[in-house]
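Keep in mind that what you see is a predicted model, and the values were worked out from it rather than measured.
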Amino acid sequence: GRFSHQYLSPKNAAEHDNTEAMNGVGIIYLYGLGREVDLKAAEKYFNFANNLGDKDAKNNLGELYRIKNDNATAEYWFKLAINDYPYKAYEGLSKIYIEQGDYKEAYEYTVKATELNNVEAEYNLGVFYEKGIYVQKDIQKAIFWYKKAAKQGHKDAINNLNVIASLN
């Protein structure tokens, strides 16, 4: 892969201040890419990167805690990440609120993420309008948001557009 073995140790990565490598190794552990999922190892790498001022690390920590169902800690990290990388932070916050069934907050953060052309948020806004979740059901608005997401290659958006087309 693209990570050389010298960066697999946080100590070596820290010595080289290679926060991209630290985040990359953290992602490998977070999602179990080619190895077992290890959330403790992922957290360690993301914290190293964050301590060196990396702009992705806060979002990665937010996602880690969201996966661990520690929504309060996830929310804390995503809110910190708004200043560094709002594109991912707003998406992360919207996912937490969707999972909690707090659709008002979810909708507001989804809209903020769509303002930054976040493809996942565009898709999710389409779902809000298609299903009438928190907003009035509006198939034309759903199609609008699915098309925006589909243009960025979002497979579920493309699928939903095909389903809507087949029903009409």
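Of the inter-residue distances, the one linking Tyr146 atom OH with Asn124 atom CG reads 9.0 Å to the nearest 0.5 angstrom. In this structure, CG in Leu161 is found 9.0 Å from CD in Glu130, a value given to the nearest 0.5 Å. Summarising the geometry, atom CD1 belonging to Ile82 is positioned 14.0 Å from atom CH2 belonging to Trp77; distances are rounded to the nearest 0.5 Å. Interatomic distance, NZ of Lys58 versus CG of Asp84, reported as 4.5 Å (0.5 Å rounding). Atom NZ of residue Lys137 and atom NZ of residue Lys131 lie 7.5 Å apart, to the nearest 0.5 angstrom. Note: Ser94 OG to Glu120 CD = 8.5 Å, rounded to the nearest 0.5 Å.
Smallest separation of non-hydrogen atoms from Gly26 and Ala42: O-CB, 3.4 Å. In terms of heavy-atom proximity, Ala157 sits nearest to Ala149 at CB-CB, 3.6 Å. Shortest non-hydrogen contact noted between Lys141 and Tyr129 is CD-CE2, 3.5 Å. In plain terms, the two heavy atoms of Thr110 and Ala121 that are nearest each other are CG2-O, 3.3 Å.
Formation of a donor-acceptor pair under 3.5 Å by the Gln152 side chain with backbone atoms of Asn117 is found in this model. Between the side chain of Asn118 and the backbone N or O of Tyr87, at least one donor-acceptor pair lies under 3.5 Å. Asp54 places no side-chain N or O within 3.5 Å of a backbone atom of Asn50 that could act as its donor or acceptor partner.
Cluster membership for Tyr103 and Leu125, using ILVMFWY side-chain heavy atoms within less than 4.5 angstrom, is shared. Two different hydrophobic clusters hold Tyr85 and Leu61 under the rule that ILVMFWY side chains link at heavy-atom gaps under 4.5 Å. Hydrophobic clustering, with ILVMFWY side chains joined whenever heavy atoms are under 4.5 angstrom apart, groups Phe46 together with Leu39. Under the 4.5 Å side-chain heavy-atom criterion for grouping Ile, Leu, Val, Met, Phe, Trp and Tyr, Ile96 is connected to Leu116 within one hydrophobic cluster. In the hydrophobic cluster analysis, where Ile, Leu, Val, Met, Phe, Trp and Tyr join through side-chain heavy atoms closer than 4.5 angstrom, Phe78 is grouped apart from Ile67.
Taking the side chain as every heavy atom from C-beta outward, Val119 and Tyr123 never approach each other to under 4.5 Å. The side-chain heavy atoms of Tyr31 and Val37, taken from C-beta on, include no pair separated by under 4.5 Å. For the pair Glu115/Val111, a side-chain contact is recorded, criterion being any heavy-atom separation below 4.5 Å from C-beta on. The closest side-chain heavy-atom distance from Leu33 to Ile27 is below 4.5 Å.
Look at Lys95 and Glu99 and you find no salt bridge, because none of the NZ, NE, NH1 or NH2 atoms lies under 4.0 Å from a carboxylate O. A salt bridge between Arg66 and Glu63 is present, with a side-chain N of the basic residue lying under 4.0 Å from a carboxylate O of the acidic one. Salt bridge status for Lys79 with Glu75: present, with a side-chain N to carboxylate O gap under 4.0 Å. Between Lys88 and Glu91 a salt bridge is recorded (basic side-chain N to carboxylate O distance below 4.0 Å).
Partner of Asn23 under the side-chain contact (heavy atoms from CB on, under 4.5 Å) criterion, chosen from Asn18, Ile28, Asp56, Asn59: Asp56.
Taking the six-membered ring for Trp and the full ring otherwise, Phe128 and Tyr134 have centroids separated by 6.0 Å or more. Taking the six-membered ring where the residue is Trp, the centroids of Tyr29 and Tyr45 are separated by under 6.0 Å.
Taking the six-membered ring where tryptophan is involved, the planes of Tyr109 and Tyr97 are essentially parallel, since the angle between them stays under 30° and well short of 60°.
Counting heavy atoms of neighbouring residues, nucleotides and ligands inside a 6.0 Å radius, atom NZ of Lys147 does not exceed 12 of them.
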